[in-house]
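Just so you know, residue 1 is the first one in the sequence shown, and it goes up from there. Note that the structure is a prediction, hence the values are computed from the model and not measured.
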Amino acid sequence: MAKWKNNANKLSYISVPSHIINSISSSSLQSLFDSSSNKSSRTTFNFYRNPRIFFFTLFLISLFAFLKLCFNLDIPFSPYPCGISNLPNFKNSALYSKSNLGVVSNIESSQKGEVFNDNSDVSVSVLESLIYNVQLQAQGTSGLESDEENEFWKKPNGMGYKPCLDFSRDYRRGSEVVLRGRRKYLMVVVSGGMNQQRNQIVDAVVIARILGAALVVPILQVNVIWGDESEFADIFDLEHFKSVLAHDVRVVSALPSTHLMTRPVEGSPPLHVTPSWIRAHYLRRINREGVLLLRGLDSRLSKDLPSDLQKLRCKVAFNALRFAKPVQELGNNIAERMQSKGPYLALHLRMEKDVWVRTGCLPGLSPEYDEIVNNERKQRPELLTGRSNMTYHERKLAGLCPLNAVEVTRLLKALGAPKNSRIYWAGGQPLGGKEALYPLIHEFPHFYSKEDLALPGELEPFAKKASLMAAIDFIVSEKSDLFMPSHGGNMGHAIQGQRAYAGHKKYITPNKRKMLPYFMNSSLPEADFNRIIKGLHQDSLGQPELRTSKAGRDVTKYPVPECMCNESQSQS
């Protein structure tokens with residue numbers, strides 16, 4: 001606004017359009033000051049020789065600057081002086097491309113004397129875009145690295161598959177008969193580690209359903225390797241187990257008094273038996289005696305069962321077998337500590353001494369450790385699980401050996417794992433101690449185990465119970481953003497199925513047989529190695545796989561299509 005003084009000595013105001021004010025450049029103002037100076041030189045007094053006028057003028061200039069800072073007065077200068085006068089030269093940068101020519105042309109026109117207007121939203125947005133691009137430029141290749149990091153954590157396409165356990169009408173009718181029965185009881189003794197026990201409990205429920213018998217809570221055999229004496233209710237939530245299966249199989253905590261003196265019929269079925277085999281061999285005997293005791297159920301039941309029994313297996317594995325509350329709470333707490341700073345990867349490392357002995361493989365740490373494994377295998381040849389006629393190198397190339405720390409590190413780097421990845425390490429103590437993990441820890445320093453994350457005293461109640469410690473690893477691994485095992489096995493298979501059932505969360509299956517020849521090729525450039533390894537694993541990231549595509553697949557590992565369906569299946 002412009003002011004002037006009238007005859008009555010009152011201040012009046014006239015409105016001047018803002019575009020006129022903004023059109024006044026700094027040079028125009030300078031010319032006004034120059035003309036004023038010329039006029040003043042012709043006055044009767046000299047400006048420079050009068051100190052009071054000099055200081056009064058200095059005071060006015062200071063007051064004007066103060067008002068500008070405090071009240072943002074509208075002045076005919078650019079509100080972004082530094083942003084315009086100090087622009088970098090982009091013509092030789094990656095930003096100076098077709099996609100950014102509009103921004104650059106605006107910058108150049110501004111440098112030629114154009115002034116941004118306070119009311120020009122377009123100019124402000126252009127400047128903001130420029131600042132953002134400058135920040136990206138300053139980061140160098142970090143934008144590309146960020147894309148690669150995001151790709152590493154990206155969840156695979158689940159193709160819309162969701163859990164669907166819709167049992168047939170015949171199955172539901174049969175449930176009424178099964179649940180009313182009070183004469184037949186199935187007892188089972190399950191062995192092995194926690195995940196091996198889980199598999200046998202799943203099969204025990206299905207066998208009880210096939211025979212129309214009530215299931216007595218499974219007995220967990222004391223583990224000869226770890227000496228773990230945990231019972232079912234120590235590991236799993238027993239009441240939840242009973243409740244979930246209430247419409248499928250009657251679960252009882254113990255035999256009723258009417259059957260306590262009954263001598264049970266014992267049996268141990270062969271591998272991969274069918275429901276018809278079970279009925280033919282056990283139904284008459286359990287009807288006669290009332291109690292059937294089965295041992296050694298590991299992999300005894302066929303993987304190819306009728307649809308309703310496959311759904312029952314999923315119901316037990318994914319819904320009924322929930323961990324006991326103290327175990328679940330601690331596992332959740334440790335998982336939350338890992339999640340607190342972003343996504344994390346769970347690695348199940350099979351590098352324990354007994355694993356190297358049983359697989360017929362060598363850890364590759366040093367000749368001394370290889371000798372320890374070879375001596376143990378000679379002293380206990382029964383520990384070797386199979387294919388004893390194969391040499392170590394033949395086993396290695398066939399993909400039958402666990403990956404060691406060096407191989408896991410190279411695989412993760414090739415797949416694009418960022419160096420700041422947070423990694424949870426699940427598994428037992430490796431042969432060679434933590435030194436055996438040095439290649440991993442050196443490349444990925446944010447490397448933790450449950451012992452690192454637990455608060456003082458938290459693990460104490462579970463310290464001497466291997467099954468409970470394995471359960472904690474299972475929980476933290478299942479909740480991770482990405483899971484990868486270094487070797488197959490019961491835990492890896494169980495978590496693979498669990499993550500698929502939860503919406504196909506990312507799961508990397510190392511293609512050991514195909515990738516190891518490239519690991520041994522020292523002349524292969526790293527860029528080519530990474531490209532090849534990524535290509536080998538593009539279909540091994542946890543995408544939906546049909547169980548029926550290969551014979552003998554376990555539905556608790558591949559729950560599609562019996563236990564999961566998408567919209568097209570639902571409509572059909």
Side-chain angles (χ1 to χ4, degrees), residues 186-210 215-226 228 230-232 234-238 241 244-245 248-249 251 267-275 278 294-305 309-324 327 348 350 355 358 385-386 426-427 466-471 473-475 477-478 483 485 487-501 507 547 550 552-559 562-563:
L186 173 65
M187 299 178 67
V188 295
V189 178
V190 299
S191 58
M194 188 274 297
N195 292 288
Q196 197 173 355
Q197 292 171 345
R198 277 176 59 98
N199 295 340
Q200 295 172 61
I201 292 168
V202 170
D203 285 353
V205 173
V206 176
I207 293 173
R209 174 75 191 201
I210 292 170
L215 175 67
V216 181
V217 172
I219 301 165
L220 308 189
Q221 183 176 313
V222 176
N223 192 295
V224 294
I225 297 177
W226 299 292
D228 188 349
S230 299
E231 297 183 359
F232 185 98
D234 296 326
I235 304 173
F236 303 105
D237 187 333
L238 178 56
F241 182 75
V244 170
L245 299 175
D248 305 280
V249 172
V251 181
S268 180
L271 293 172
H272 312 307
V273 298
T274 63
I278 291 173
L294 296 181
R295 301 175 185 272
L297 287 183
D298 192 25
S299 298
R300 303 305 181 184
L301 188 60
S302 171
K303 307 301 181 189
D304 299 309
L305 299 174
L309 294 181
Q310 296 284 46
K311 293 179 188 295
L312 180 58
R313 295 188 77 189
C314 290
K315 188 173 183 178
V316 179
F318 304 138
N319 296 338
L321 281 174
R322 186 172 72 186
F323 291 110
V327 181
H348 186 216
R350 303 306 314 275
V355 174
R358 286 188 289 105
T385 51
S467 294
L468 300 184
M469 297 290 266
D473 278 342
F474 189 102
I475 295 167
S477 297
E478 199 282 321
F483 176 81
H487 190 54
N490 292 304
M491 179 170 172
H493 294 167
I495 290 182
Q496 179 175 344
Q498 196 85 28
R499 292 176 73 85
Y501 196 75
Y507 179 106
R547 187 196 69 83
K550 288 185 181 179
R553 279 184 164 182
D554 191 340
V555 74
T556 61
K557 183 180 178 183
Y558 300 97
E562 288 95 344
C563 303

Give me the atom names and distance for the closest heavy-atom approach of D203 to L297. OD2-O, 4.0 Å

Do the numbers put R499 on top of the ring of Y507, so that NZ or CZ is under 6.0 Å from the six-membered ring centre and no more than 45° off the axis? no

Under a 3.5 Å distance rule, please check whether Q197 uses its side chain to pair with a backbone N or O of G192 as donor and acceptor. yes

Indicate yes or no: at least one non-hydrogen side-chain atom of R322 is less than 4.5 angstrom from one of F241. no

Do you know the tightest heavy-atom contact between S302 and R313? O-NH1, 4.0 Å

Using side-chain heavy atoms (C-beta onward) and a distance below 4.5 Å, is D234 in contact with E231? yes

Gap between atom CZ of F236 and atom OG of S230 - 0.5 Å precision: 10.0 Å

Grab the two heavy atoms, one from Y501 and one from C563, that are nearest each other, plus how far apart they are. CE1-O, 3.7 Å

Where do F232 and L321 come nearest, in terms of heavy atoms and distance? CZ-CD2, 4.2 Å

Criterion side-chain contact (heavy atoms from CB on, under 4.5 Å) on Y558 and K550, from CA distance to verdict: CA-CA 10 Å; Y558 300 97; K550 288 185 181 179; over 6 Å; no

Please determine which of H272, Q310, R547 meets the side-chain hydrogen bond (donor to acceptor under 3.5 Å, both in side chains) test together with D304. R547

I'd like to know whether S477 forms a side-chain contact (heavy atoms from CB on, under 4.5 Å) with M491, so could you lay out the CA-CA distance, the side-chain angles of the two residues, the decisive distance to 0.1 Å, and finally the verdict. CA-CA 10 Å; S477 297; M491 179 170 172; 3.7 Å; yes

Measure the spacing between CG of L305 and CG of L312 and express it to the nearest 0.5 Å. 9.5 Å

Side-chain donor/acceptor of R209 to backbone N/O of D248, under 3.5 Å: yes

Of the non-hydrogen atoms in G427 and D473, which two are nearest, and what is the gap between them? N-OD2, 3.2 Å

Rounding to 0.5 Å, atoms CG (L309) and SG (C314) come to a distance of 11.5 Å

Starting at CD1 of I201, measure out to CZ of R198 and round the result to the nearest 0.5 Å. 8.5 Å

Can you list the steps and then say if I278 with L301 is a side-chain contact (heavy atoms from CB on, under 4.5 Å)? CA-CA 9 Å; I278 291 173; L301 188 60; 3.6 Å; yes

With rounding to the nearest 0.5 Å, note down the distance linking CD in E478 to CD1 in I475. 9.5 Å

I235 vs V327, test: side-chain contact (heavy atoms from CB on, under 4.5 Å). Steps then yes/no. CA-CA 7 Å; I235 304 173; V327 181; over 6 Å; no

Once rounded to the nearest 0.5 Å, what's the spacing between atom OG of S191 and atom CD of Q196? 5.5 Å

Examine distances only and state if a side-chain atom of D228 and a backbone atom of A466 form a donor-acceptor pair shorter than 3.5 Å. yes

If I compare all heavy atoms of L271 with all of S299, which pair ends up nearest, and what's the gap? CD2-O, 3.5 Å

Using a 3.5 Å distance criterion without hydrogens, assess whether the side chain of K303 forms a donor-acceptor pair with backbone atoms of V555. no

Note, M194 side chain near F323 side chain (heavy atom, < 4.5 Å): yes

